[in-house]
Amino acid sequence: MTQAANSVRDGFTTSFGVLVATLGSAVGLGNIWKFPSLTGSNGGAGFLLVYLLATLLVGLPVMIAETMLGRAARANAVSTFERVAPRRQWWWPVIGWMGFAAALLILSFYSEVAGWVYAYIFKALAGELATTDPQVAGAIFAGLVADPLASLGWQWLVLGVTGSIVMLGVAKGIEAVTRKLMPLLFILLLVLCARSLSLPGAAQGLSFLFSPDLAKITPAVLLTALGLAFFKLSIGMGCMLTYGSYFRDNQNIPATATRVMFADLSVSLLAGMAIFPAVFAFGFEPAAGPSLVFMTIPAVFTAMPGGTVFMSIFFILTAIASVGAMLSLLEVPVAILAERYALGRKRASLYTILAVAVLGAPAALSSSLTSEIKLFGMNPFELFDFLSSNILLPLGGILICVFVGWVYGLPEMTRQLGNHGELRNQRLIRLVFFLIRYVAPLSIAAVLLHGLKIF
Ligand code: PFF
């Protein structure tokens, strides 16, 4: 793409901006809501070990490939495939449309969980969560999700806040906001960690997180870890591709992706170190599943001195994390609508928010009005999570690998990732190419088959 096309298209303005915005996408409810609960319910350190392998061998290469495609085409997730495919082949842009669908589906339930987090900030500050009994905390949570108006209201608030930021643009909205929020997130997380680690009995939580019991690594654990790696790094649905299209020409893509991956991993580990030592110190159950954040956490924090303050910090931090991820989720459909239908960013954002509000309503009402509506035994919330995480992301991931590994090819990949001869990273690129061509698609195929319960 030419410089001229670059200068008219919105994009990230500095190298730091690229880093924080991309990290903002990766860091999210996945680190605080999914990572600790999956680690807790899959045996601790053993899960962590396979998650690490999945991230390094599959997640990182796919992230690099996706970002590369976006920057090469400087276009949204659908148009990118039209531009970089060797001949006009109608099926490649379908990957972009799958990303469009996945983004709307994920947003539908993600905005609801983010809504609960916003609600919990106010509840924590008002002292309404002050109970050391997880049962009582569970009843408070059930009360929130069973209230249709509250559920919709919090979801719309989240959509309103994040949608307005996306409307402002890539540089003035997404980059400007993540630049302020990401450092704050790290500071709050460190404060929580310090508090949790200084509790008597914290060591047990650490050993739960860091001494693996290899016997607990079953095939199912392996596959769950790979699925989490996808969700965590925002890959398989054109999100990293869309952000890549805003990267600067001289940005070192493999280095940036690696930094984001490690920083994201640190946030997950810090979240684990803020949560597990406290959980053990007060004798709670680590394998509490997804209810960890909304039931166990309030009880754990209430049990410690200064609990209200630290509990409020915890939910503020989680809300901050959800913002950057939501911005990137919204950007996938917004870029497609704005660029392909010449809608302009404001209208494209508005249509996207409205679509999520409509599609998200059944998810938001899953514990009240739509609780009886079941498909394959799942309510709308569970169904949207299942369809996106277990089907669309892995399928998108395989197709991206097949496209890059078998159609796009090594010579073009070397040109793009080497910044047209500027960087000396050919060996690294060959390694990434090998992973993309063979290792990643085969492992992802295993996740997909598991998700569909075929084996
Ligand atoms: N990576 C985000 C998290 O871990 O919370 C979730 C996410 C964001 C998934 C963007 C997919 C995506 F495109």
Side-chain angles (χ1 to χ4, degrees), residues 24 27-37 40 109-134 136-145 147 150-151 153-162 165 177-178 180-197 199 267-268 270-279 282 284 288-327 364 367:
V27 168
L29 297 173
N31 304 64
I32 298 160
W33 173 54
K34 280 201 178 205
F35 173 82
S37 64
F109 69 86
Y110 205 88
S111 56
E112 183 54 24
V113 181
W116 297 336
V117 173
Y118 281 34
Y120 263 54
I121 295 178
F122 294 95
K123 283 189 189 299
L125 287 171
E128 284 173 34
L129 301 173
T131 169
T132 49
D133 183 352
V136 178
I140 297 174
F141 182 60
L144 172 67
V145 299
D147 179 348
S151 302
W154 287 113
Q155 185 180 40
W156 290 344
L157 179 72
V158 169
L159 287 173
V161 170
T162 49
I165 300 172
V177 168
T178 46
K180 297 204 177 69
L181 290 187
M182 291 317 283
L184 184 61
L185 180 127
F186 272 93
I187 294 171
L188 294 182
L189 199 51
L190 289 173
V191 170
L192 277 189
C193 267
R195 181 72 195 98
S196 185
L197 291 174
L199 291 167
V267 173
S268 292
L270 287 172
M273 293 196 308
I275 293 173
F276 290 117
V279 166
F282 294 106
F284 288 106
S291 56
L292 186 68
V293 165
F294 299 104
M295 300 180 196
T296 314
I297 290 290
V300 167
F301 279 109
T302 306
M304 67 172 72
T308 306
V309 175
F310 291 105
M311 196 195 308
S312 309
I313 292 181
F314 176 84
F315 286 110
I316 291 171
L317 157 89
T318 311
I320 291 176
S322 75
V323 171
M326 291 249 333
L327 297 181
S367 299

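The analysis underlying the following values was restricted to heavy atoms, covering all of them including side chains, and did not include hydrogens, waters or symmetry mates.
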**Study point:** Distance, nearest 0.5 Å, that separates OG1 of Thr296 from CZ of Phe301
**Key:** 11.5 Å
Practice item. Test side chain to side chain contact (heavy atoms under 4.5 Å, CB included) on Val27 and Met182 and set out the steps. Key: CA-CA 9 Å; Val27 168; Met182 291 317 283; 4.0 Å; yes
Practice item. Begin with the C-alpha distance, continue with both residues' side-chain angles, and end with the deciding distance and a verdict on side chain to side chain contact (heavy atoms under 4.5 Å, CB included) for Val191 and Phe310. Key: CA-CA 9 Å; Val191 170; Phe310 291 105; 3.9 Å; yes
Point to revise | side-chain contact (heavy atoms from CB on, under 4.5 Å) partner of Tyr120, the single match among Val293, Leu144, Ile297 | key: Leu144
Point to revise | Ser268 versus Asn31, closest heavy-atom pair with distance | key: OG-ND2, 3.1 Å
Exercise for review: Provide the closest heavy-atom pair for Leu185 versus Leu317 in the form atom of the first, atom of the second, distance.
Suggested key: O-CD1, 3.4 Å
Check your understanding: Considering residues at least two apart in sequence or located in another chain, which fulfil the side-chain hydrogen bond (donor to acceptor under 3.5 Å, both in side chains) criterion with Ser111?
Key -> Gln155
Review point. About how many Å separate OG of Ser322 and CH2 of Trp116, when rounded to the nearest 0.5 Å?
Key: 13.0 Å
Study note, to complete from the structure: Residues passing the side chain to side chain contact (heavy atoms under 4.5 Å, CB included) test with Ile316, sequence neighbours excluded, are Ile121, Leu188, Ile320
Check your understanding: Can you name the nearest heavy-atom pair linking Pro277 to Leu197, along with the distance?
Key -> CG-CD2, 3.7 Å
Review point. In Å and rounded to the nearest 0.5 Å, what is the CE to CD1 distance from Met295 to Ile140?
Key: 10.5 Å
Check your understanding: Can you list the residues that meet the side chain to side chain contact (heavy atoms under 4.5 Å, CB included) rule with Phe186, with sequence neighbours excluded?
Key -> Leu23, Val267
Practice item. Quick one: closest heavy-atom pair of Thr308 and Ala124, and the distance? Key: CG2-O, 3.4 Å
Review point. Is there a donor-acceptor contact under 3.5 Å from the side chain of Thr162 to the main chain of Val158?
Key: yes
Practice item. Identify, with sequence neighbours excluded, every residue that meets side chain to side chain contact (heavy atoms under 4.5 Å, CB included) alongside Ala271. Key: Ile32
**Study point:** Rounded distance [0.5 Å steps], CG in Leu184 versus OG1 in Thr178
**Key:** 12.5 Å
Practice item. Fit a plane to each ring of Phe294 and Phe315, take the angle between them on a 0 to 90° scale, and name the class: parallel (under 30°), tilted (30 to 60°) or perpendicular (over 60°). Key: parallel
Practice item. Can you measure from CG (Leu29) to OG1 (Thr318) and round to the nearest 0.5 angstrom? Key: 7.5 Å
Practice item. Taking all heavy atoms of Pro298 and all of Ala137, pick out the closest pair and write down the distance. Key: CB-CB, 4.5 Å
Check your understanding: Which residue pairs pass the salt bridge (Lys or Arg N to Asp or Glu O under 4.0 Å) test when at least one of the two sits in residues 112-124, sequence neighbours left out?
Key -> Lys123-Glu128
Exercise for review: Report yes if the side chains of Tyr118 and Val161 come closer than 4.5 Å at any heavy-atom pair, otherwise no.
Suggested key: yes
Check your understanding: Nearest heavy-atom pair of Tyr110 and Ala325: which atoms, and what distance?
Key -> OH-CB, 3.3 Å
Exercise for review: Not counting sequence neighbours, which residues clear side chain to side chain contact (heavy atoms under 4.5 Å, CB included) with Ala303? List them please.
Suggested key: Thr132, Phe282
Practice item. Measure the CE-CG distance between Met311 and Leu129 for me, rounded to the nearest 0.5 Å. Key: 5.5 Å
Review point. With distance as the sole test, does Ser367 use its side chain to make a donor-acceptor pair with the main-chain N or O of Ala142 at under 3.5 Å?
Key: no
